Each structure stands twice: as structure tokens, then as C-alpha cells.
Protein chains: 2
Amino acid sequence: MPKVKPQRIAETRPAKAPPPPVPATRRGELRRAALIDAARDIFLEQGFARASIDEVVQRVGGSKASVYQYFGSKEGLFGEMIAHQCQQLIDSAEFPGRGGAPGADVEQVLLQFARRVVQLFLAPVRIAMHRAMIAEAERFPELAERFYEAGPKRGLALLSAYLRSQHEAGTLDCPKPEWSAIQFMNLVRTYPMFRALHGMPPMPEGEDLDEFLQHAVRLFLDGCRIKR
Amino acid sequence: MPKVKPQRIAETRPAKAPPPPVPATRRGELRRAALIDAARDIFLEQGFARASIDEVVQRVGGSKASVYQYFGSKEGLFGEMIAHQCQQLIDSAEFPGRGGAPGADVEQVLLQFARRVVQLFLAPVRIAMHRAMIAEAERFPELAERFYEAGPKRGLALLSAYLRSQHEAGTLDCPKPEWSAIQFMNLVRTYPMFRALHGMPPMPEGEDLDEFLQHAVRLFLDGCRIKR
DNA sequence: GTGTTAATGTACTGAACGTTACAGTTCATT
DNA sequence: AATGAACTGTAACGTTCAGTACATTAACAC
């Protein structure tokens, strides 16, 4: 029976966080940042439990002492890494819907939006983040919520603002923009994303993602278009 | 600094499966079944990596020798457990849409269906399964696919059969029933399920799930109802 | 009953992991 | 240049775990 590769895993304090000391030195700051970067790679690649601090440390060349200096524990490192990713996500997520000319064709605006959203959510980093957060949601409830708010919820808010404005302008019939936003997102992003989360290609063999998006936008508009 | 509870984790062979011997004795069968049951609890509770075989064994009172006799490895045990759950899922999932009287109001049929689907997908076991599968999709691609086919995909197939029959009967305008089925499922089940996967309650404070479902069904029908 | 095979219990191995202690090094300030 | 604080490297500790060896016990066939 061929032994393949004994991987080990471990952790301790389920949720201890003695005030994380901030580096007071330039070198310290760099180390801290580098650790977070490496932690992102390792944690998102292997998941929290399987990831090992030694591997993180090895990748940046530092030493474990720094990890415990700055983050206090494996969980602390994970938490800071996720928080950092969330912040980055918020900073980078300039959603459309406001950018376009106000009079632009709603169907085109929504289709563009759909493409953007899907592209964003299918990025490997996002998929990995989602995987990690779903896997550890029970162990890090506050992190999961933070992630949800930085990602999905923020997208919903921006979209529903757009829908509301269109409703008020009379372009759409959208009396409940929050729910409509949810439904639009569901129609557009769920299917390919779910497949990706399960490790499959976003669309089944031979089916076209963009066509799928057009279909979704059309269905959505059938329910919201001014025409009743 | 209070040490809390050093949890350990481990595993080895990424995907070894020497033909799993089937028990030849009554007692063996029982042990095997009991092991799978306990494995389900532990794995779904803790995730693959964190779960420990010793804990599984302790719960059923057997010994590790049996585990390695029947399943060959931790991964083997996990795989058999998932497969077993999938089979059980298929057996128990008698989907509606066929049961109802053929002339029943489509909106009512779909709403009932929606309620059933959501109830099924929000069951704690299902959420835990989903979590586990998403978390380990990269390590067990064939399992993830199997799960996807036993669960989501099967639901889609049944629903699209119903939609097709309604289309042919002229009750609905549904030229692409597969995609329509996907979209119906997306509208209906995604949002609460995603929230649950992230460890949050299915609907935000004060919002009503059933009302959400009605809204979704109505939107779906606006796009499919015979009326163009 | 007796003998053969399957199943189990015990106890161990070796390795990996999170965490810490400590000594050495680099940095910032004066 | 000196001094104290922040930082880092090394090496270890204690624990946990998957997997194994082997002797014992239960099940079955005759």
C-alpha cells in the first residue's frame, strides 16, 4: 500500500484575539503585509484547516515568531487575511449602473452589469474566497457576515439603487427594488457560480454563458418592464 | 494566555482506493453501516480536515481497524459517506409537478414546488452537505460532481420535464425548458440558501420567506405565461 | 465441536502541527 | 555611537492524528 504524502493539520484557540500589536517599524510593516499576502495564497488554496503556518512562513522567508507577534494565532492570521481581502474587494468594486448615460437603454445597461458581475464573481480568487468562507462560516460567523456584506450585499445595494432610480423615472416598474435586485442577481450569477463552487466549468459543455445572461436579463425585464 | 482546546487534524493519501472489501458477515455489515452513520455526523459537523477518525470510531464503539478494513483511508470513508448520502437523497426526493392534477393552476403548482424545494435545500443536513462538498470540491472532483447530479441537477431535470409538458400543452410559453428550470431554481432557492451557507438566517430580519417565494414565482411566470 | 476465516481491540509509530521560549539581530531615537 | 525596544531565527515542547501490527475474539461451514 503506497503511502502518498502524510499531510498534517492543526489548530488551537477557537477564537482568541489579544489586541493585535501593530508593527512599529518599516520592516515590521513589510513583514506583516507579506505574511498576509502569503496567508491568502495558502489559505485560499488549501482551506483553513489544511493550511499550515509553517508553509506560510516558508513562502515569505520570515519566521513563525512574527506570525504570533502580529496575529496571535492561526485564526487571527486567517481573520486578518479575510478582512484585508474584503477591504480590497470594496475598494475595487466600482459597480456600473451609475456610470452609463442616464438615458441609456435599460436592457443594455443591465446586460453589461450582468457581464461585469459574473466576471467578478467567477474570478478564481473570488471563488476561493467564497469556498473558504462557506467552509468556515460556522467557526467565524462574524467574518462570514463581513464577507457577505463586503461582497454580495454591497452589489445588491448598488443594483437596487439603480433599479429604484429607474422606477422613479418611470423606465421600469419596480416597486420593490431590493427584492428585484436579489432576483436579478439570482438569475444572473447563481448558476455559473454554483457550478464553479462545485469545481465544474461555469456552463455545461457547449452552452454559452453570454447567451444565458441575455436570457436572464430578458426574463427579468419581462417582469419589470413598463407594460402592464 | 488560556489554551483552549488543541484540535488536531490530519490525512494522507489524496485519492487512494484499493478495492473496498465488502463485509462478509452480519456483524460486519452493521459495523460498516454504523461507521458511515457516525462519519456523516462528524464530517458534516467538522468538515473533512478537522474531523478525526478516532472520534468517529469512538462514537460507534468499534475500532480503527474496521475503518481501514472497509474504507482503506480517511478519504475512502468520506467518499463512501457522501455516496451514501447522495443515494439516500435520490431515493427520498419525490419531486412534485407530476403528482398534482394535470389541470391544476400552474402558479399554484409552481408555488408548492418552490416551497418544497426550499424546505429541502434548507434542511440542516443539506446545508452541511453542501458546505462539505463545496469545501472539498477540489480534492474530490468526482464526488462533487456526483453530489451535484444527485441533488441540484436532478431537481432541474424533473422541473424542466414539467415545464416542457406545460409548454406542449400550451399552458406556458417555455421554448427552452432546461434554462427556464435553471432560472426558476435560481429565483427560488438561491437567496435563502446562500445566506444559510454563510451561516446567516435564510431571510433578513423581518422579511418573509413565503412572500419572497410568491414574488419569485410571479416574476418567473411573467416571462413564461402565455400572453405575448 | 472443530477448524478456518473474518472482524475487532489494543497499543504503537512516525510525522506534522500550533505554539512558545529564548537568544540573537536590526531598527529608531537620541 | 549608544541604548533600549522591536523584530526575527532556531529549536524545541506537547499534542494530535492517520495509519499499522498483532494478538484476540466472534462468526460461519462442516
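These numbers come from the heavy atoms of this one structure, side chains and all, not from hydrogens, waters or symmetry mates. None of these values were measured; they are calculated from a predicted model. Below, chain A is the first sequence line, B the second, and so on; all start at residue 1.
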Next item on the list: Tell me, with the steps shown, if B/Glu207 and A/Trp179 meet side chain to side chain donor-acceptor pair (under 3.5 Å).
Entry: CA-CA 10 Å; B/Glu207 305 225 351; A/Trp179 281 22; 2.5 Å; yes

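The distance between atom CD of B/Gln69 and atom P of C/dA7, rounded to the nearest whole Å, is 5 Å. Between the P atom of D/dT8 and the CG atom of A/Asp54 lies a distance of 16 Å, rounded to the nearest Å. Atom CD in A/Glu29 sits about 14 Å away from atom P in D/dA6, given to the nearest Å. If you measure from atom CZ of A/Arg32 to atom P of D/dA6, you get 16 Å, rounded to the nearest angstrom. In this structure, B/Phe43 atom CZ and D/dA18 atom P are separated by 8 Å, rounded to whole Å. In this structure, CD1 of A/Ile53 is placed 15 Å from P of D/dG9, rounded to the nearest angstrom. One interatomic measurement links the two molecules: NZ of B/Lys64 to C1' of C/dA7, which rounds to 17 Å at whole-angstrom precision. Atoms CG (A/Leu35) and C1' (D/dC7) sit 12 Å apart, rounded to a whole Å.
Looking at A/Arg50 and B/Glu136, a side-chain N of the basic residue comes within less than 4.0 Å of a carboxylate O on the acidic one, giving a salt bridge.
Phosphate proximity of D/dC7 to A/Tyr70: present, with a side-chain N or O under 4.0 Å from OP1 or OP2. For A/Arg31, a side-chain nitrogen or oxygen approaches OP1 or OP2 of D/dT8 to under 4.0 Å. Under 4.0 angstrom from either OP1 or OP2 of D/dC7 there lies no side-chain N or O belonging to A/Ser66.
Heavy atoms of B/Ser63 sit under 4.0 angstrom from at least one base atom.
With a 6.0 Å cutoff to the six-membered ring centre and a 45° limit on the axis angle, A/Arg189 counts as a cation-pi contact of B/Phe194.
A/Phe48 has its ring centre less than 6.0 Å from the ring centre of A/Phe140.
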